[in-house]
Amino acid sequence: MPEGHSVRRLARQFGDVFGGRRLSVSSPQGRFSAGAALLDGHTLLAAEAHGKHLFLHFDNALVLHVHLGLYGAWSFGGDSTFAGSSSIGAPRRVGEQETFAEGNDDGDASYAGPPAPVGAVRVRLAATNGWADLRGATTCETITLAETDMVRARLGPDPLVNRRGDAGRFAANLQGRKAPVAALLMDQKIIAGVGNVYRAEVLFRRRLDPWLPGSNLADNEARKLWRDVVSVMNDGVSDGRIITTTPKYWTGNGKAARPAAETAALKSGTFPARDNAHFVYKRDGLPCRVCGTTVLAAELVGRKLYWCPSCQT
DNA sequence: GCCATATGTTGAC
DNA sequence: TCAACCTATGGCT
């Protein structure tokens, strides 16, 4: 699943390519036919993200609410207005970059309509300039504005929104909780948008013991943690990838055989090879980039947690 | 082809 | 604390 940064990019992308346009909405797979019919032929007014939730607002006061879950993914295609758009969703390889849409980027108007749906397309949005397909989402529903508010009410502060007072809200949400901070970071009521990669990486960056009870974090340490999440997730929005390391910790960039797109990115010197993008995520059994101690992994509430037992105490 | 795995959430016990 | 759910992929055989 894309973490919050990907959903934010998705919202921006929907606004860019479909904002103000009349959309045909369908469910080629059939499982969302009723919900699609409620939106079909209406105009997209706005697209917004809160945590990992995507809300597409239509001109009839209804909202398409999508949560990609673990497997969901959007793919896009169309004319030149889709040139910079990319497919966002389900994990492929660790640190993979988004793949570019199949739209032509020649700036002509030769877009001839969407292709026949491939696979289980839950919903297809199509306008005169292009299309977007959703597969495998855990939530895909048409809801009212009131229901939209109810979804938002369940969510904690979003580091990518970072309103005034959110750092304090986050710190307060940790107070009195005896669960490990690593578990609390995955709780969307406490902080919205953090997933398994960011939680492991951010705890490492702050050198925090993942097993520390939330209530044991001093207020100023909780606020520092919030600020780091804000920083690293904003980088994720810019990069379209989760990169938490800095060049100082990259090794062997460009030495191994890599796909052309990745080689180009490496040449620019701004992106690490995918095996250099993280400090601890999926690096169990490998030496810590900072101290050389073997990185550990353990199950925590059904998800794998990665950490350096030496740096994070 | 088969199987494990994946950046997630919900609801039953 | 679990299992269920949704889909695609990479690494095996």
Side-chain angles (χ1 to χ4, degrees), chain A residues 1-10 27-32 35 49-54 65-75 86-99 117-124 133-141 143 150-156 158-160 179-180 182-204 229 232-237 239-245 257-259 274-275 277-285 297-307:
Chain A
M1 154 74 188
E3 303 192 18
H5 69 300
S6 300
V7 183
R8 180 133 309 252
R9 286 171 63 88
L10 269 175
S27 178
Q29 172 209 47
R31 288 189 45 194
F32 184 59
H50 188 152
K52 302 168 191 171
H53 295 255
L54 176 70
H65 171 217
V66 172
H67 190 299
L68 291 172
L70 196 46
Y71 318 109
W74 284 100
S75 49
S86 49
S87 297
I88 300 177
R92 300 292 181 268
R93 304 177 298 274
V94 174
E96 185 194 39
Q97 291 175 249
E98 294 165 9
T99 51
V118 177
V121 177
R122 181 82 51 83
V123 62
R124 163 171 285 181
D133 283 351
L134 172 68
R135 294 181 176 77
T138 197
T139 300
C140 173
E141 56 181 3
I143 60 176
M150 288 168 63
V151 174
R152 308 185 86 118
R154 303 200 307 256
L155 301 171
D158 181 342
L160 294 173
L184 296 173
L185 281 177
M186 296 285 278
D187 184 340
Q188 303 297 300
K189 291 191 298 296
I190 288 179
I191 181 169
V194 172
N196 204 23
V197 179
Y198 278 126
R199 72 119 171 227
E201 293 297 298
V202 151
L203 288 171
F204 179 90
V229 179
V232 80
M233 286 189 72
N234 272 297
D235 287 347
V237 174
D239 296 338
R241 258 180 87 183
I242 300 179
I243 300 170
T244 57
T245 52
R258 302 185 188 285
R274 58 173 172 263
D275 42 351
H278 309 133
F279 280 109
V280 291
Y281 179 74
K282 281 224 169 154
R283 284 182 48 85
D284 49 318
E299 268 317 293
L300 176 62
V301 279
R303 310 300 300 282
K304 250 189 179 176
L305 167 69
Y306 304 85
W307 82 104

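Heavy-atom basis, side chains included; hydrogens, waters and symmetry copies ignored.
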When you get a sec, tell me which of B:dG8, C:dC6, B:dT5 is the closest nucleotide to the side chain of A:Arg122?
C:dC6

Rounding to an integer number of angstrom, what distance separates C:dT13 and B:dT5 when you compare their P atoms?
15 Å

Output yes when a side-chain donor or acceptor of A:Glu3 lies under 3.5 Å from a complementary backbone atom of A:Asn196, and no otherwise.
yes

Which whole number of Å gives the distance between the P atom of B:dA4 and that of C:dA3?
15 Å

Is there a side-chain polar atom (N or O) of A:Arg154 under 4.0 Å from OP1 or OP2 of B:dT9?
no

C:dC6, B:dT7, B:dT9: which one has an atom nearest the side-chain heavy atoms of A:Lys52?
B:dT9

Once you round it to whole Å, what is the distance between P of B:dT5 and OH of A:Tyr306?
10 Å

A:Lys282 vs B:dA6: side-chain N/O to OP1/OP2 distance below 4.0 Å
yes

Could you check if a side-chain atom of A:His65 sits within less than 4.5 angstrom of a side-chain atom of A:His53, using non-hydrogen atoms only?
yes

Whole angstrom value for the distance that separates P of B:dG8 from CD1 of A:Ile190:
15 Å

In this structure, how many angstroms lie between the P atom of C:dT7 and the CZ atom of A:Phe32, rounded?
14 Å

For the residue pair A:Phe204 and A:Phe279, categorise the inter-ring angle as parallel (less than 30°), tilted (30 to 60°) or perpendicular (more than 60°).
parallel

What is the nucleic acid contact for A:Arg303, judged by heavy atoms within less than 4.0 Å: base, sugar-phosphate only, or nothing?
base

Classify A:Arg199 by what it touches in the nucleic acid, base, sugar-phosphate, or nothing, heavy-atom distance under 4.0 Å.
nothing

Using whole Å, report how far CG of A:Asp239 lies from C1' of B:dT7.
15 Å

Euclidean distance, atom CZ of residue A:Arg31 to atom P of C:dC5 [Å, nearest integer]
10 Å

Proximal nucleotide (of B:dT9, B:dT5, B:dG8) relative to the A:Tyr71 side chain
B:dG8

Nearest to the A:Gln188 side chain among B:dT9, B:dA6, B:dT7, which nucleotide is it?
B:dT9

Could you walk me through whether A:His5 and A:Tyr198 pass ring pair (Phe, Tyr, Trp, His ring centres under 6.0 Å), step by step?
CA-CA 10 Å; A:His5 69 300; A:Tyr198 278 126; 5.4 Å; yes

With a 3.5 Å distance limit and no angle check, can you tell me whether A:Arg199 reaches the backbone of A:Ala182 through a side-chain donor-acceptor pair?
yes

Between NE2 of A:His5 and C1' of B:dG8 the distance, given in whole Å, is 15 Å

Select base, sugar-phosphate, or nothing to describe what A:Gln29 touches, counting heavy atoms under 4.0 Å on all strands.
sugar-phosphate

From CG of A:Leu160 across to C1' of B:dT7 the rounded distance in Å is 14 Å

Of B:dT10, C:dT7, B:dG8, the nucleotide closest to the side chain of A:Glu3 is B:dG8

Is any side-chain N of the basic residue among A:Lys189 and A:Asp187 closer than 4.0 Å to the acidic one's carboxylate O?
yes

Interatomic distance, A:His67 NE2 vs B:dT7 P [rounded to whole Å]:
14 Å

Using atom P of each nucleotide, how far apart are B:dC13 and C:dC5 to the nearest Å?
14 Å

Of all the nucleotides listed (C:dT7, B:dT7, B:dA6), which has the minimum atom distance to the side chain of A:Ile242?
B:dT7

